[in-house]
Amino acid sequence: MYKKAVTSEDLEKETVYIVLDKADLLREMDANLLPGFLRLQELTESNVTVIFLSEIVWETFRPNTGCLEPLTLYFADYSKAELQRILSSDYPEEYSAEFYASYINILLSVFYTVCRDIKELRHLAELNFIKYCEPVTKGEAKETDSHKLFRNIEPHLKRAMQTVYLREISSSQWEKMQQEDREAGQLRGLSAHAHVELPYYSKFLLIAAYLASFNPARTDKRFFLKHHGKIKKTDFSKKHEKTSNHLLGPKPFPLDRLLAILYSIVDSRVAPTANIFSQISSLVTLQLLTLVGHDDQLDAPKYKCTVSLDFMRAVARTVNFDIIRYLYDFL
């Protein structure tokens with residue numbers, strides 16, 4: 001089909017570009033499609049370049065059977081001015097463009113430091129616009145009273161920061177919370193500062209570290225082997241029977257146990273590359289993991305996971321992983 005199209009358009013001597021937007025959808029199609037597109041130049045013996053556009057990293061849809069590695073180019077985030085211009089163009093017909101632009105300016109002043117994702121910002125803009133318009137619809141302020149409108153919406157936007165990226169609540173639930181005027185501490189979720197910038201595999205590394213810290217090593221077979229046989233909680237010694245591992249605190253674990261758990265919980269096989277080890281170092285730098293023991297123990301380093309269960313559940317939700325199912329305390 002490609003050769004016919006090139007011949008009919010008289011493009012044999014030209015460079016042809018094929019752009020595949022939302023390329024991650026190829027993961028759900030025939031297994032030979034993605035490797036085929038990656039080798040299209042070789043297969044067609046012509047000067048063709050295939051460009052894959054995606055919002056997720058290449059590692060998440062690399063075929064297990066191996067393929068030709070593409071060149072990866074990262075696009076910079078939108079600047080604040082670009083976000084302002086794009087979001088302001090979504091203004092509803094019943095309000096003026098200037099009124100909505102003023103609202104977007106307030107929204108970005110609160111969220112820009114923690115969120116640059118255009119889809120997430122659109123979601124937040126839609127979620128909170130009714131509250132921003134409230135003084136106008138009640139006749140308590142005019143569209144030009146920007147200072148009064150800002151004072152009305154600011155506490156609600158700051159409260160909404162606690163659910164950035166997590167999408168734990170729907171628009172209707174959020175409106176109900178607004179009406180009930182609950183305190184910020186009662187909202188489920190964590191600040192986006194905490195974990196939103198973690199790479200995909202770093203989240204799984206953190207999950208694996210948490211499981212290694214709070215599960216006894218002898219339970220690994222029960223959680224991570226498919227044909228483990230039945231292991232009852234009562235089979236373990238009485239010493240640990242009534243004591244919660246979460247009350248005792250995190251236990252140190254060796255690197256090989258961390259990687260073994262990681263390979264069990266990640267769907268696709270992850271090679272123990274330098275990239276994985278550098279991500280472990282990054283988690284230590286971020287103080288999400290702690291290196292236990294002496295620095296000279298290079299052959300067998302031990303770590304502890306230092307994050308809370310609530311934090312861990314929020315991170316696990318972002319990768320659709322049910323961490324409670326794998327915790328010994330919740331059997």
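All residue numbers in this chain count up from 1 along the given sequence. In this text the structure is predicted, and so the values were computed from the model without any measurement.
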Has the side chain of [X] got a donor or acceptor atom that lies under 3.5 Å from a matching backbone atom of [Y]?
| X | Y | answer |
| --- | --- | --- |
| Ser102 | Glu98 | no |
| Arg257 | Pro254 | no |
| Ser54 | Lys22 | no |
| Thr49 | Thr15 | no |
| Asn152 | Lys131 | yes |
| Glu42 | Arg39 | no |
| Ser89 | Ile86 | yes |
| Ser213 | Cys305 | yes |
| Thr219 | Arg222 | no |
| Lys3 | Ser46 | no |

Just verifying a value: how many Å separate [X] [atom1] and [Y] [atom2], rounded to the nearest 0.5 Å?
| X | Y | atom1 | atom2 | value |
| --- | --- | --- | --- | --- |
| Phe214 | Ile323 | CZ | CD1 | 9.5 Å |
| Ile18 | Ile51 | CD1 | CD1 | 10.0 Å |
| Ile106 | Arg151 | CD1 | CZ | 11.5 Å |
| Glu59 | Thr72 | CD | OG1 | 7.0 Å |
| Leu26 | Leu38 | CG | CG | 9.0 Å |
| Lys304 | Phe253 | NZ | CZ | 10.5 Å |

Evaluation steps, side chain to side chain contact (heavy atoms under 4.5 Å, CB included), between Val110 and Ile153 = CA-CA 11 Å; Val110 175; Ile153 193 66; over 6 Å; no
Please tell me whether [X] and [Y] are part of a single hydrophobic cluster in this structure, the criterion being side-chain heavy atoms less than 4.5 Å apart.
| X | Y | result |
| --- | --- | --- |
| Tyr2 | Val19 | no |
| Trp58 | Leu20 | yes |
| Leu53 | Leu34 | no |
| Tyr17 | Leu43 | no |

key: Arg313 charged N/C atom sitting above Phe311 aromatic ring, 6.0 Å / 45°   = no
Side chain to side chain contact (heavy atoms under 4.5 Å, CB included) between Tyr91 and Phe99, worked out = CA-CA 9 Å; Tyr91 69 93; Phe99 177 67; over 6 Å; no
request  = Before giving the answer on ring pair (Phe, Tyr, Trp, His ring centres under 6.0 Å), spell out for Tyr326 and Phe321 the whole-Å C-alpha distance, their side-chain angles and the decisive distance to 0.1 Å.
outcome  = CA-CA 10 Å; Tyr326 293 87; Phe321 184 84; 5.0 Å; yes
Minimum-distance pair of heavy atoms, taken over all atoms of [X] and [Y]:
| X | Y | value |
| --- | --- | --- |
| Val50 | Phe37 | CG2-O, 3.5 Å |
| Met29 | Leu33 | CB-CD1, 3.7 Å |
| Thr318 | Lys203 | OG1-NZ, 3.3 Å |
| Ser109 | Lys80 | CA-NZ, 4.2 Å |
| Ile104 | Ala125 | CD1-CB, 4.0 Å |
| Gln84 | Asn105 | OE1-CA, 3.3 Å |

Between [Y] and [X], is there a side-chain heavy-atom distance shorter than 4.5 Å?
| X | Y | answer |
| --- | --- | --- |
| Leu258 | Ile280 | yes |
| Leu255 | Phe277 | yes |
| Phe223 | Tyr328 | yes |
| Gln41 | Leu68 | no |
| Thr306 | Pro250 | no |
| Leu206 | Leu289 | yes |
| Leu87 | Leu108 | yes |
| Leu309 | Phe330 | yes |

message = Take a 6.0 Å sphere around CD of Glu69 and say whether it holds more than 12 heavy atoms from other residues, nucleotides or ligands.
response = yes
query = Within a reach of under 6.0 Å around CD of Glu94, are more than 12 heavy atoms found that belong to other residues, nucleotides or ligands?
reply = yes
inquiry  = Using the rule given for side chain to side chain contact (heavy atoms under 4.5 Å, CB included), can you reason through Leu327 versus Met312, listing the C-alpha separation, both sets of side-chain angles and the distance that settles it, and then say yes or no?
reply    = CA-CA 12 Å; Leu327 285 169; Met312 204 63 254; over 6 Å; no
task = Sequence neighbours left out, what passes salt bridge (charged side-chain N to carboxylate O under 4.0 Å, His left out) with Asp145? Give chain and number order.
result = none
task = Can you spot which of Tyr100, Tyr95, Tyr103 makes a side chain to side chain contact (heavy atoms under 4.5 Å, CB included) with Tyr132?
result = Tyr103
query = Can you check side chain to side chain contact (heavy atoms under 4.5 Å, CB included) on Glu14 and Asn47, steps first, answer last?
reply = CA-CA 7 Å; Glu14 303 289 337; Asn47 196 7; over 6 Å; no
